Amino acid sequence: MAAKQTAGWHWLFGDQLGPHFLTGGGGRGPGRDTPLVMIESRSVFRRRRFHRAKAHLVLSAMRHRAAELGDRVRYVKADSYREGLAKAVGRRDRVTVHHPTSRAALRLVESLEAVEVGAPRGFLVDPADFAAWADGHGGGARLRQEDFYRWVRRTHDLLMDGEQPAGGKWNLDHDNRQPPPKGAEALELKSPYRPREDDIDEEVRRDLDRWAEDGDVSFVGRDGPRRFPATRKEALAALKRFTAERLASFGPYEDAMLAGDPVMSHSLLSSSLNLGLLDPAECVERAEAAYRDGSAPLNSVEGFVRQIAGWREYVWQLYWYFGEEYRSSNALRHTAALPDWWDDLDADDVRARCLSTVLAQVRDTGWTHHIPRLMILGGYALQRGWDPAALTDWFHRSFVDGYDWVMLPNVVGMSQYADGGRMTTKPYTSGGAYVNRMSDLCGPCAYRPGDRTGEHACPYTTGYWVFMDRHRERLERNQRTAQPVRGLDRLGNLDEVRERYEEVGDGPP
């Protein structure tokens, strides 16, 4: 027998906006007619200097959802969540809420006497099931995403033919690492879905303008026409457009970069998933259907399924499994502050074309795909020895799909290797040769990817060798980095490389 819902309210956070957040469970979720409350907290924007496009998207999505829910929801604007909840429902009414996506929000709801916290929504794996799996795979000392991904595929029957993976292989990465087509300025694809702004967007923009003019909040980046879905209808249209017209070409070039095509074949669905407008199950099921009906090849579908059922799910689970102490991980002892030009997204002062291009993409849209994030932005920060906690906060603030649970494992573990290898097997950074191979960004650049010294020395090439030298003792014990460490002794001009690195300093390269 289903658990009986008692009278009260159900609280929807701003990243719990899809229909799957209106289901109950164990008496800790809403019934069909349970009244709802949503709180727009100004303090969220006061605490951090968010990207303007991100603030716009979040507020637009919340207000659109409130408009859809009509009289069922009480939408409150307040200085804080605590104040807003008291204003909306009083201090004695029972309130249920699905498990929030950040530790700070969880601490808040658990501190409120009348609030009951239910299970999380918007993910494929129950946290208790993940904990049992992780405890059986080393207890978090050295977990690997590939093992987790295969487990999820089996337990959810994703891209499986009986007991075997579709096509006979679990991992088709070798088909999905092609450089961009030579001479191409953009991939020849139908454009991604773009929403149309409406009166709610105009209202949001006026409010953000007023807050900034009053000095109440401060933003970074540009707020052009909204590029990402703010409603369930828009998100479904974006999913349909991707799976029908763009998924087939996703795989081969998912790691490639073109200066004139920042989107490439990527889905642009991450913000919709992280706002709760889409459920990951429907995304991977739609992709698998495209493979089964022959409209998309297996390597593209597997690559997309891996991003959602593999990496996104893995990051969410590790955020909770590793515990709050993971936030302070700093195995490489990097403590340098982020420079102002980086924090301000000042791309115009950067001469290195790859970094200037990517920083401009973030400034203008609040988004860039995973390789610029990891290898261009994260790689540079790692080479310069910047504080991983400060960098995590920067990614959280600067990206439309950035949330604490998203960025903490991605930056601390994947990008900055600050956990010393609990999440990945090696630091992810490279010299200019990788960027040159996987993009068209190096040709017109003032620097040369093969130069380590001199006026044309590529800051990534110089930074790569200095990073390897700085952490030589640690990296020579890692079988995946031992060979390049040995290469340090063959450089012949390491002192000059160090000098060139110091010349760049904290200024824009």
Side-chain angles (χ1 to χ4, degrees), residues 18-20 122-125 144-181 184 186-193 228-229 232-256 261 263-274 277-317 369-371 401 438:
H20 46 295
F123 298 92
L124 297 171
V125 177
R144 293 293 171 254
Q145 185 263 353
E146 182 67 26
D147 297 332
F148 170 73
Y149 171 63
R150 296 185 184 189
W151 176 66
V152 174
R153 289 265 300 270
R154 290 191 186 99
T155 55
H156 287 74
D157 195 27
L158 288 173
L159 284 178
M160 298 295 294
D161 291 333
E163 297 296 319
Q164 298 301 315
K169 294 182 180 179
W170 293 102
N171 188 324
L172 297 177
D173 272 357
H174 65 280
D175 295 327
N176 293 348
R177 292 176 176 168
Q178 295 184 29
L187 298 182
E188 295 182 1
L189 298 172
K190 292 187 177 180
S191 61
Y193 171 82
F228 302 93
R232 168 76 172 166
K233 182 178 179 180
E234 290 177 346
L236 287 173
L239 175 61
K240 181 179 180 181
R241 172 77 65 88
F242 172 69
T243 53
E245 300 179 355
R246 297 170 57 80
L247 173 60
S249 59
F250 170 70
Y253 304 118
E254 66 173 291
D255 285 1
D261 189 357
V263 174
M264 304 292 281
S265 296
H266 291 267
S267 71
L268 300 181
L269 297 176
S270 55
S271 63
S272 298
L273 281 160
N274 295 350
L277 296 172
L278 293 175
D279 189 288
E282 65 187 331
C283 295
V284 295
E285 288 166 4
R286 186 79 65 93
E288 179 167 0
Y291 163 65
R292 299 296 181 186
D293 68 22
S295 60
L298 181 59
N299 66 302
S300 287
V301 173
E302 191 276 321
F304 179 69
V305 169
R306 176 183 293 271
Q307 285 194 337
I308 295 178
W311 192 253
R312 179 180 186 270
E313 192 73 24
Y314 185 58
V315 163
W316 161 257
Q317 300 293 346
H369 76 75
H370 67 281
I371 293 300
D401 54 7
M438 296 303 295

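Given the structure is predicted, the values throughout are model-derived calculations rather than measurements.
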Can you find a heavy atom in the side chain of [X] that is under 4.5 Å from one in the side chain of [Y]?
X	Y	result
R286	L247	no
I371	E254	no
L159	L298	yes
R241	S191	yes

Are any side-chain N or O atoms of [X] and backbone N or O atoms of [Y], one a donor and one an acceptor, separated by less than 3.5 Å?
X	Y	result
R312	Q307	no
S300	G251	yes
R177	D255	no
E282	D279	yes
S272	L277	no
R153	A309	no
N176	N299	yes
R246	M264	yes
E313	L124	yes
H156	V125	no

If I take atom [atom1] from residue [X] and atom [atom2] from residue [Y], how far apart are they, to the nearest 0.5 angstrom?
X	Y	atom1	atom2	value
L236	L269	CG	CG	10.0 Å
Y253	M438	OH	CE	10.5 Å
K190	F242	NZ	CZ	15.0 Å
K169	Q164	NZ	CD	13.5 Å
Y149	N171	OH	CG	7.5 Å
Y291	E288	OH	CD	8.5 Å

For [X] against [Y], the heavy-atom pair lying closest together:
X	Y	result
A287	V305	CB-CG2, 4.4 Å
T243	A290	O-CB, 4.4 Å
I308	P280	CG2-CB, 3.7 Å
E234	Y193	CG-OH, 3.4 Å
F304	C283	CE2-O, 3.8 Å
F148	G310	CE2-O, 3.7 Å

Ring pair (Phe, Tyr, Trp, His ring centres under 6.0 Å) involving W311 - partner list, sequence neighbours excluded
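Per chain and number, W311 pairs via ring pair (Phe, Tyr, Trp, His ring centres under 6.0 Å) with Y314.
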Taking it one step at a time, do E285 and R292 satisfy salt bridge (charged side-chain N to carboxylate O under 4.0 Å, His left out)?
CA-CA 10 Å; E285 288 166 4; R292 299 296 181 186; over 6 Å; no
Mind checking what makes side-chain contact (heavy atoms from CB on, under 4.5 Å) contact with S265, not counting sequence neighbours?
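By the side-chain contact (heavy atoms from CB on, under 4.5 Å) rule, S265 matches L187, L189, S249, F250.
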